[in-house]
There are 2 protein chains.
Amino acid sequence: MADKNASRPSNPNVSVDCVVFGFDDEQLKVLLIEQRTSGDFAPQLALPGDLVLQDENLDESATRILKELTHLEGIYLKQFKAFGDPDRVNNLKDQEWLRTVRENPDARVITVAYYSLVKMEAYRPEAASFAGKVIWQNVSEIPELGFDHNKIVNEALARLREEFEFKNIAFELLPKKFTLTMLQKLHEIVLGVQLDKRNFRKKLKKSDTLQPLDEKQSGVDHKPAQLFKYTSGRK
Amino acid sequence: MADKNASRPSNPNVSVDCVVFGFDDEQLKVLLIEQRTSGDFAPQLALPGDLVLQDENLDESATRILKELTHLEGIYLKQFKAFGDPDRVNNLKDQEWLRTVRENPDARVITVAYYSLVKMEAYRPEAASFAGKVIWQNVSEIPELGFDHNKIVNEALARLREEFEFKNIAFELLPKKFTLTMLQKLHEIVLGVQLDKRNFRKKLKKSDTLQPLDEKQSGVDHKPAQLFKYTSGRK
DNA sequence: ATGACTAAGTGTACAAAATACACTAAGATT
DNA sequence: AATCTTAGTGTATTTTGTACACTTAGTCAT
């Protein structure tokens, strides 16, 4: 039957998966959810993702799904790649999981992947009732994930780094208010290098993308830093 | 009925569309095909694209479809974005065309877009029997295309320019052998600027991405230029 | 064969950007 | 008042980018 259909157009399931990177002044993490099948399989970890609905566009879908699964909202998600290997769902556990939650478990699943970057403290995810739990996993210690999600995470990470190296600025991917030290730390974490404080700031000044706020850092036991926001421009 | 399905998972058609840019030492063009419906509509232009088959991955699909529609082969196609607005097929002519050639004309169509850049002389497209004809259209004079293909072309062009500006090198998107002047011309066409010959070459030298061949340009009525290829590395 | 034509190929001086580097300032805590 | 902690700032050097003009190798016409 697979053979008979091989040269026919597919009517695949289409899903979105979200790679949400979080940083906490120390490490870069990824948001994962625990999947429990109705069968006997041990729970496994995977990216938050689900099928696209009939009347929503892809961006809306990503936003909705992330919210439904983790209660995270107000996060800018950037589409970065579609993954569509015919056998990207290729083990029993994954198939069982699809059977548990999806309509056409036998059709292939093409997924459109999004990534984002958030400050962990500002976004405390909670698992949806049906989604096991939600965890922040260190990017350097990611276990085997369901589907092809390890591949998706790796490509997202590569894209994130490119974004930082070339555009040189974290742009949409940050909370509203931040200090320059936080911003620098973030670049260091993402790029995996040490940066010079003065040079980093010099570059920021010229790039003209930051605006100082009338507000200072609070709750620290030392000289409070100036808070900044991005100058509007991008969506 | 659309309402009833609004919050159901969609089983969309999934297609790929190819934005093939061509350059001819003068202008940047895009490869378009003419679509004829079985109805009374005038033919319209669109990107070469079609539905993904059951057992092929997205890259394979793009390669196959481009070949089927235009007989172009051996071209590196780079996936750059999925387009999935629910109403991206939103006029009668497009719907009629889908009805003519597709299985599930009423389902939405999510498309995965690819782009490429080729030297026009090296690739002479011929229309498939069922595909009206194939034309190279100047990018500065693109008429209204079917579906959301104008949007797709614009985003592809933006991506192409980014690629040239940041990576600074045309990489996979070129024929095997070329002269430095050709390469420079290409950069000038894509970026829409004039470049200095000596500076351009100096940069190339440092970037270390080119290898001189044992071969010189032929068929010109002046001093023949050295031919180069890219040093392997990328796929 | 000579001269004229055409694009190839090459170097240097100047400007701009990136890097390396260390001390003073402001607030909090005792 | 003294101490602790992170914020905040400038200059000298190196690297990279830019502006600019002449000589060379081949073809074509006489």
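Chain A is the first sequence line, chain B the second, and so forth, proteins listed ahead of strands; every chain is numbered from 1.
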- Is any side-chain heavy atom of B/V190 less than 4.5 Å from a side-chain heavy atom of B/F21? no
- Under 4.0 Å: is that the gap between some side-chain N or O of A/T181 and OP1 or OP2 of D/dT6? no
- Note on the structure: From CZ of A/F228 across to C1' of D/dG8 the rounded distance in Å is 10 Å
- Could you write out DNA chain D as a dot-bracket string, with dots for unpaired bases, | for bases paired across to another strand, and Watson-Crick or G-U pairs counted at under 3.5 Å? ||||||||||||||||||||||||||||||
- Does any non-hydrogen side-chain atom of A/T70 lie less than 4.5 Å from one of A/I33? yes
- Item | A/K81 to A/F83 six-membered ring, cation-pi geometry met (6.0 Å, 45°) | yes
- Report yes if some heavy atom in the side chain of A/F147 is under 4.5 Å from a heavy atom in the side chain of A/D17; otherwise report no. no
- Nearest-angstrom distance from the residue atom CG of A/L204 to P of D/dT9: 12 Å
- Relative to the ring of B/F200, is the ring of B/H187 parallel (under 30°), tilted (30 to 60°) or perpendicular (over 60°)? perpendicular
- B/Q194 CD to D/dT18 C1', straight-line distance once rounded to whole Å: 15 Å
- Separation of B/K203 atom NZ from C/dG9 atom C1', in whole Å? 19 Å
- Item | Distance, rounded to the nearest Å, where A/R201 contributes CZ and D/dT11 contributes C1' | 18 Å
- Whole angstrom value for the distance that separates P of D/dT27 from CD of B/Q217: 11 Å
- Task: Indicate whether any N or O donor in one side chain lies under 3.5 Å from an N or O acceptor in the other, for A/Q35 and A/D94.
- Result: no
- Note on the structure: Once base and sugar-phosphate atoms are separated, protein heavy atoms under 4.0 Å mark nucleotides 20-30 of chain C, 5' to 3', with B, S and - as BBB--BBBSS-
- Can you tell which of B/Q226, B/K177, B/K229 makes a side-chain hydrogen bond (donor to acceptor under 3.5 Å, both in side chains) with B/E215? B/K177
- Note on the structure: note: B/Q226, atom CD; D/dA25, atom P; distance rounded to Å ~ 14 Å
- Item | B/R64/B/E60 ion pair, N-O < 4.0 Å | no
- By side-chain contact (heavy atoms from CB on, under 4.5 Å), A/R159 pairs with (sequence neighbours left out) A/F80, A/Y115, A/E162, B/R159
- For the pair made of CG in B/L180 and C1' in D/dT24, what is the distance, rounded to whole Å? 16 Å
